[in-house]
Peer 1: 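There's a structure below that I have some questions on.
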Amino acid sequence: MSTHSNNNDHNNNNNSAGANFNSIQNQAIALAGTLQAVDLVKELATTGYLNSHDFEACINSLFVTNPTNTLEVYGSLGHIERGLTRLDSLLSSKINSQHKSIIPYAVGVNNLAAQLNKNGAMLNTIAKKLEACQHQIGHFGLSHDNVIASIAECYTQTISTLSYRIQVKGEYTYLQQKRVANQIRSLLLSGIRASILWRQNGGGVFKLLFSRTKLHSETHKLLTLSKHENNP
(Lines give C-alpha, C1' and ligand atoms only; values in the text may rest on other atoms or scores of the structure.)
Protein backbone atom coordinates (compact mmCIF):
# COMPACT_ATOMS: atom_id res chain seq x y z
CA MET A 1 0.00 0.00 0.00
CA SER A 2 1.49 3.28 -1.04
CA THR A 3 1.14 6.11 1.44
CA HIS A 4 2.06 9.77 1.38
CA SER A 5 4.38 11.42 3.89
CA ASN A 6 5.74 10.61 7.30
CA ASN A 7 3.67 12.11 10.05
CA ASN A 8 4.32 13.73 13.47
CA ASP A 9 6.94 12.41 15.87
CA HIS A 10 6.06 8.71 15.76
CA ASN A 11 8.94 8.05 13.39
CA ASN A 12 11.67 9.78 15.36
CA ASN A 13 12.52 6.94 17.76
CA ASN A 14 14.85 4.04 17.07
CA ASN A 15 14.46 4.07 13.29
CA SER A 16 18.12 3.21 12.65
CA ALA A 17 17.76 -0.07 14.54
CA GLY A 18 15.17 -1.26 12.05
CA ALA A 19 17.77 -1.42 9.29
CA ASN A 20 19.64 -4.11 11.27
CA PHE A 21 16.68 -6.42 11.77
CA ASN A 22 16.61 -9.76 9.94
CA SER A 23 13.74 -10.88 7.72
CA ILE A 24 12.01 -12.86 10.48
CA GLN A 25 12.14 -9.87 12.83
CA ASN A 26 10.74 -7.61 10.11
CA GLN A 27 7.91 -10.09 9.56
CA ALA A 28 7.26 -10.08 13.31
CA ILE A 29 7.06 -6.28 13.37
CA ALA A 30 4.54 -6.29 10.52
CA LEU A 31 2.48 -9.07 12.10
CA ALA A 32 2.50 -7.14 15.37
CA GLY A 33 1.10 -4.16 13.49
CA THR A 34 -1.75 -6.30 12.18
CA LEU A 35 -2.51 -7.84 15.56
CA GLN A 36 -2.39 -4.50 17.35
CA ALA A 37 -4.96 -3.11 14.91
CA VAL A 38 -7.37 -6.04 15.16
CA ASP A 39 -6.97 -6.28 18.94
CA LEU A 40 -8.00 -2.63 19.20
CA VAL A 41 -10.98 -3.39 16.92
CA LYS A 42 -12.09 -6.20 19.22
CA GLU A 43 -11.68 -4.11 22.38
CA LEU A 44 -13.42 -1.09 20.87
CA ALA A 45 -16.35 -3.15 19.60
CA THR A 46 -16.88 -4.96 22.91
CA THR A 47 -16.04 -2.29 25.49
CA GLY A 48 -16.14 1.06 23.71
CA TYR A 49 -12.65 1.75 25.07
CA LEU A 50 -9.76 2.85 22.83
CA ASN A 51 -6.14 3.24 23.92
CA SER A 52 -5.08 6.47 22.22
CA HIS A 53 -1.35 5.63 22.18
CA ASP A 54 -1.85 2.27 20.46
CA PHE A 55 -4.51 3.72 18.16
CA GLU A 56 -2.31 6.57 16.94
CA ALA A 57 0.55 4.16 16.23
CA CYS A 58 -1.76 2.21 13.92
CA ILE A 59 -3.24 5.26 12.20
CA ASN A 60 0.14 6.90 11.74
CA SER A 61 1.36 3.82 9.87
CA LEU A 62 -0.99 4.73 7.03
CA PHE A 63 0.93 7.95 6.41
CA VAL A 64 4.51 6.72 6.16
CA THR A 65 5.90 7.08 2.64
CA ASN A 66 8.47 4.63 1.33
CA PRO A 67 9.99 3.63 4.70
CA THR A 68 13.68 2.75 4.67
CA ASN A 69 12.97 -0.17 7.00
CA THR A 70 9.95 -1.94 8.47
CA LEU A 71 10.20 -0.42 11.94
CA GLU A 72 10.01 3.08 10.49
CA VAL A 73 6.35 2.42 9.70
CA TYR A 74 5.64 2.37 13.45
CA GLY A 75 8.44 4.61 14.71
CA SER A 76 9.66 2.36 17.50
CA LEU A 77 9.08 -1.06 19.03
CA GLY A 78 7.50 0.67 22.00
CA HIS A 79 4.64 1.81 19.77
CA ILE A 80 3.71 -1.78 18.93
CA GLU A 81 4.26 -3.43 22.32
CA ARG A 82 0.59 -4.40 22.36
CA GLY A 83 0.85 -6.14 19.00
CA LEU A 84 4.09 -7.90 19.94
CA THR A 85 2.47 -9.09 23.17
CA ARG A 86 -0.44 -10.60 21.23
CA LEU A 87 1.87 -12.21 18.67
CA ASP A 88 4.09 -13.65 21.40
CA SER A 89 1.01 -15.15 23.07
CA LEU A 90 -0.43 -16.61 19.85
CA LEU A 91 2.87 -18.27 18.97
CA SER A 92 3.38 -19.79 22.41
CA SER A 93 2.31 -23.29 23.42
CA LYS A 94 -0.09 -21.83 25.99
CA ILE A 95 -2.23 -19.37 24.05
CA ASN A 96 -4.18 -16.86 26.11
CA SER A 97 -7.85 -17.57 25.32
CA GLN A 98 -8.64 -13.86 25.19
CA HIS A 99 -5.91 -13.30 22.61
CA LYS A 100 -7.15 -16.27 20.54
CA SER A 101 -10.39 -14.38 19.81
CA ILE A 102 -8.57 -11.94 17.50
CA ILE A 103 -7.43 -14.69 15.12
CA PRO A 104 -10.55 -14.49 12.87
CA TYR A 105 -10.01 -10.75 12.47
CA ALA A 106 -6.33 -11.27 11.62
CA VAL A 107 -7.23 -13.92 9.04
CA GLY A 108 -9.86 -11.61 7.58
CA VAL A 109 -7.44 -8.70 7.31
CA ASN A 110 -4.90 -10.97 5.61
CA ASN A 111 -7.53 -12.13 3.10
CA LEU A 112 -8.40 -8.52 2.28
CA ALA A 113 -4.72 -7.66 1.91
CA ALA A 114 -4.32 -10.50 -0.58
CA GLN A 115 -7.23 -9.21 -2.65
CA LEU A 116 -6.07 -5.60 -2.45
CA ASN A 117 -2.52 -6.50 -3.48
CA LYS A 118 -3.87 -7.74 -6.81
CA ASN A 119 -5.84 -4.54 -7.42
CA GLY A 120 -3.44 -1.81 -8.52
CA ALA A 121 -6.22 0.64 -9.33
CA MET A 122 -7.67 0.36 -5.83
CA LEU A 123 -4.22 0.75 -4.27
CA ASN A 124 -3.77 3.99 -6.20
CA THR A 125 -7.21 5.22 -5.15
CA ILE A 126 -6.43 4.55 -1.50
CA ALA A 127 -3.09 6.36 -1.82
CA LYS A 128 -4.80 9.44 -3.27
CA LYS A 129 -7.49 9.46 -0.58
CA LEU A 130 -4.90 9.14 2.16
CA GLU A 131 -2.99 12.01 0.63
CA ALA A 132 -6.13 14.14 1.03
CA CYS A 133 -6.37 12.96 4.65
CA GLN A 134 -2.80 14.11 5.17
CA HIS A 135 -3.87 17.70 4.51
CA GLN A 136 -6.56 17.35 7.19
CA ILE A 137 -3.99 16.12 9.68
CA GLY A 138 -2.11 19.38 9.25
CA HIS A 139 -5.22 21.26 10.37
CA PHE A 140 -6.79 18.95 12.97
CA GLY A 141 -4.20 16.42 14.17
CA LEU A 142 -3.72 12.71 13.52
CA SER A 143 -6.56 11.25 15.56
CA HIS A 144 -9.15 14.02 15.13
CA ASP A 145 -12.67 12.78 14.34
CA ASN A 146 -12.63 14.52 10.94
CA VAL A 147 -9.45 12.72 9.92
CA ILE A 148 -10.67 9.34 11.14
CA ALA A 149 -13.98 9.87 9.35
CA SER A 150 -12.11 10.50 6.09
CA ILE A 151 -9.99 7.36 6.53
CA ALA A 152 -13.15 5.37 7.28
CA GLU A 153 -14.78 6.75 4.14
CA CYS A 154 -11.73 5.64 2.17
CA TYR A 155 -12.22 2.14 3.57
CA THR A 156 -15.93 2.13 2.71
CA GLN A 157 -15.38 3.31 -0.86
CA THR A 158 -12.59 0.82 -1.57
CA ILE A 159 -12.08 -2.16 0.75
CA SER A 160 -15.78 -2.58 1.43
CA THR A 161 -16.36 -3.19 -2.30
CA LEU A 162 -14.14 -6.30 -2.30
CA SER A 163 -15.80 -9.72 -2.26
CA TYR A 164 -14.49 -10.64 1.21
CA ARG A 165 -16.07 -8.93 4.21
CA ILE A 166 -15.02 -8.82 7.87
CA GLN A 167 -17.85 -9.20 10.35
CA VAL A 168 -17.03 -7.23 13.50
CA LYS A 169 -18.75 -8.63 16.58
CA GLY A 170 -19.43 -6.55 19.68
CA GLU A 171 -21.95 -4.58 21.67
CA TYR A 172 -24.66 -2.97 19.59
CA THR A 173 -24.48 0.11 21.82
CA TYR A 174 -20.96 0.80 20.58
CA LEU A 175 -21.19 -0.52 17.03
CA GLN A 176 -24.12 1.77 16.19
CA GLN A 177 -22.06 4.85 17.07
CA LYS A 178 -20.70 6.56 13.97
CA ARG A 179 -17.48 7.57 15.73
CA VAL A 180 -16.77 3.98 16.79
CA ALA A 181 -17.59 2.64 13.34
CA ASN A 182 -15.16 5.12 11.80
CA GLN A 183 -12.43 4.15 14.24
CA ILE A 184 -12.96 0.45 13.50
CA ARG A 185 -12.76 0.94 9.73
CA SER A 186 -9.61 3.04 10.13
CA LEU A 187 -8.00 0.35 12.27
CA LEU A 188 -8.92 -2.35 9.76
CA LEU A 189 -7.24 -0.34 7.01
CA SER A 190 -4.09 -0.03 9.10
CA GLY A 191 -4.23 -3.79 9.73
CA ILE A 192 -4.43 -4.41 5.99
CA ARG A 193 -1.47 -2.07 5.45
CA ALA A 194 0.51 -4.11 8.01
CA SER A 195 -0.47 -7.39 6.37
CA ILE A 196 0.78 -6.11 3.01
CA LEU A 197 4.00 -5.06 4.77
CA TRP A 198 4.31 -8.61 6.14
CA ARG A 199 4.05 -10.02 2.62
CA GLN A 200 6.60 -7.50 1.33
CA ASN A 201 9.03 -8.83 3.95
CA GLY A 202 8.62 -12.40 2.74
CA GLY A 203 5.74 -13.40 4.99
CA GLY A 204 3.26 -16.05 3.94
CA VAL A 205 0.89 -18.58 5.48
CA PHE A 206 3.10 -21.61 4.81
CA LYS A 207 6.21 -19.82 5.98
CA LEU A 208 4.34 -18.84 9.13
CA LEU A 209 3.54 -22.50 9.81
CA PHE A 210 7.06 -23.81 9.15
CA SER A 211 8.93 -20.94 10.83
CA ARG A 212 6.73 -20.71 13.91
CA THR A 213 9.46 -21.56 16.44
CA LYS A 214 11.97 -19.10 14.98
CA LEU A 215 9.30 -16.40 14.65
CA HIS A 216 8.30 -16.90 18.29
CA SER A 217 11.89 -16.61 19.43
CA GLU A 218 12.47 -13.39 17.49
CA THR A 219 9.12 -11.95 18.58
CA HIS A 220 9.98 -12.55 22.22
CA LYS A 221 13.26 -10.67 21.77
CA LEU A 222 11.47 -7.73 20.14
CA LEU A 223 8.83 -7.72 22.88
CA THR A 224 11.54 -7.51 25.53
CA LEU A 225 13.06 -4.53 23.71
CA SER A 226 9.67 -2.83 23.37
CA LYS A 227 8.98 -3.18 27.08
CA HIS A 228 12.38 -1.69 27.84
CA GLU A 229 11.59 1.29 25.59
CA ASN A 230 8.30 1.93 27.35
CA ASN A 231 9.69 1.28 30.84
CA PRO A 232 13.39 2.24 30.78
Side-chain angles (χ1 to χ4, degrees), residues 1-40 53-88 90-91 106 109-110 113-114 116-117 120 123-124 126-127 130-131 133-134 137 142 151 186-187 189-205 207-208 211-232:
M1 182 181 295
S2 175
T3 51
H4 294 259
S5 111
N6 294 340
N7 191 62
N8 64 39
D9 60 347
H10 276 266
N11 302 313
N12 293 336
N13 300 323
N14 207 30
N15 282 349
S16 59
N20 299 320
F21 288 154
N22 61 45
S23 61
I24 296 294
Q25 290 173 321
N26 283 325
Q27 289 171 32
I29 291 169
L31 283 172
T34 295
L35 293 180
Q36 180 156 310
V38 298
D39 190 55
L40 286 168
H53 175 271
D54 296 341
F55 177 66
E56 289 195 358
C58 290
I59 299 305
N60 188 75
S61 71
L62 293 168
F63 301 98
V64 180
T65 306
N66 301 319
T68 57
N69 57 69
T70 306
L71 183 59
E72 189 177 335
V73 175
Y74 297 100
S76 76
L77 291 173
H79 290 150
I80 52 170
E81 180 183 345
R82 184 192 191 111
L84 287 168
T85 300
R86 300 300 179 267
L87 181 59
D88 185 60
L90 291 175
L91 292 172
V109 161
N110 187 55
L116 178 60
N117 236 0
L123 281 167
N124 288 334
I126 291 173
L130 290 178
E131 186 175 18
C133 292
Q134 182 71 39
I137 292 173
L142 180 66
I151 298 173
S186 298
L187 284 167
L189 188 59
S190 77
I192 292 169
R193 190 264 194 273
S195 187
I196 290 176
L197 188 64
W198 173 59
R199 291 165 179 270
Q200 290 172 339
N201 278 286
V205 176
K207 187 172 289 187
L208 184 60
S211 304
R212 182 188 181 105
T213 301
K214 178 63 174 176
L215 180 61
H216 186 208
S217 174
E218 297 297 342
T219 298
H220 197 72
K221 293 176 185 176
L222 295 175
L223 176 58
T224 299
L225 290 172
S226 73
K227 288 181 176 179
H228 179 71
E229 282 185 23
N230 288 331
N231 299 284

Peer 1: If you measure from CG on L40 to OG on S186, what distance do you get to the nearest 0.5 Å?
Peer 2: 12.0 Å
Peer 1: Taking all heavy atoms of A113 and all of I196, pick out the closest pair and write down the distance.
Peer 2: CB-CG1, 3.9 Å
Peer 1: Measure from the side-chain N and O atoms of N201 to the backbone N and O of Q27, and report whether any donor-acceptor pair falls under 3.5 Å.
Peer 2: no
Peer 1: If you round to the nearest 0.5 Å, how far is OG of S190 from CG of L197?
Peer 2: 11.5 Å
Peer 1: Supply the atom-to-atom distance L87 CG to T34 OG1, rounded to the nearest 0.5 angstrom.
Peer 2: 9.5 Å
Peer 1: Would you check if N60 and H79 make a side-chain contact, meaning some heavy-atom pair closer than 4.5 Å?
Peer 2: no
Peer 1: Over all heavy atoms of both residues, which pair between L84 and A28 is shortest? Give the atoms and the distance, please.
Peer 2: CD2-O, 4.3 Å
Peer 1: Side-chain contact test, heavy atoms from C-beta onward, threshold under 4.5 Å: evaluate it for L31 versus T219 and give yes or no.
Peer 2: no
Peer 1: Ignoring hydrogens, what is the shortest heavy-atom contact between A106 and V38? Give both atom names and the distance.
Peer 2: N-CG1, 4.1 Å
Peer 1: Is there side-chain contact between Q134 and I137, with heavy atoms separated by less than 4.5 Å?
Peer 2: yes
Peer 1: Where do I151 and L62 come nearest, in terms of heavy atoms and distance?
Peer 2: CG2-CD1, 3.9 Å
Peer 1: Quick one: do V73 and R193 satisfy side chain to side chain contact (heavy atoms under 4.5 Å, CB included)? Show the steps, please.
Peer 2: CA-CA 10 Å; V73 175; R193 190 264 194 273; 3.8 Å; yes
Peer 1: Apply salt bridge (charged side-chain N to carboxylate O under 4.0 Å, His left out) to K207 and list each qualifying residue two or more places apart in sequence or on a separate chain.
Peer 2: none
Peer 1: Do I29 and Y74 touch side chain to side chain, with heavy atoms closer than 4.5 Å?
Peer 2: yes
Peer 1: To the nearest 0.5 Å, what is the distance between SG on C58 and CG on L189?
Peer 2: 11.0 Å
Peer 1: Looking only at atom types and distance, does a side-chain atom of E229 sit under 3.5 Å from a main-chain N or O of E81, one as donor and one as acceptor?
Peer 2: no
Peer 1: Looking only at heavy atoms, what is the nearest atom pair of L187 and I59, with distance?
Peer 2: N-CD1, 4.4 Å
Peer 1: Side chain to side chain donor-acceptor pair (under 3.5 Å) with N110: which residues, sequence neighbours excluded?
Peer 2: S195, R199
Peer 1: Once rounded to the nearest 0.5 Å, what's the spacing between atom CG of L222 and atom NZ of K227?
Peer 2: 12.5 Å
Peer 1: Quick check: does any side chain N or O of Q25 sit under 3.5 Å from a backbone N or O of F21, one acting as donor and the other as acceptor?
Peer 2: no
Peer 1: Is there a side chain to side chain contact (heavy atoms under 4.5 Å, CB included) between S226 and L223 once you walk through the steps?
Peer 2: CA-CA 5 Å; S226 73; L223 176 58; 3.7 Å; yes
Peer 1: Which value, rounded to the nearest 0.5 Å, describes the distance between N20 atom CG and N69 atom CG?
Peer 2: 9.0 Å
Peer 1: Quick check against the 3.5 Å criterion: does N22 have a side-chain atom that pairs as donor or acceptor with the backbone of I24?
Peer 2: yes
Peer 1: Considering all heavy atoms of both residues, which atom of G33 and which atom of A194 are nearest to each other, and what is their separation?
Peer 2: C-CB, 3.7 Å
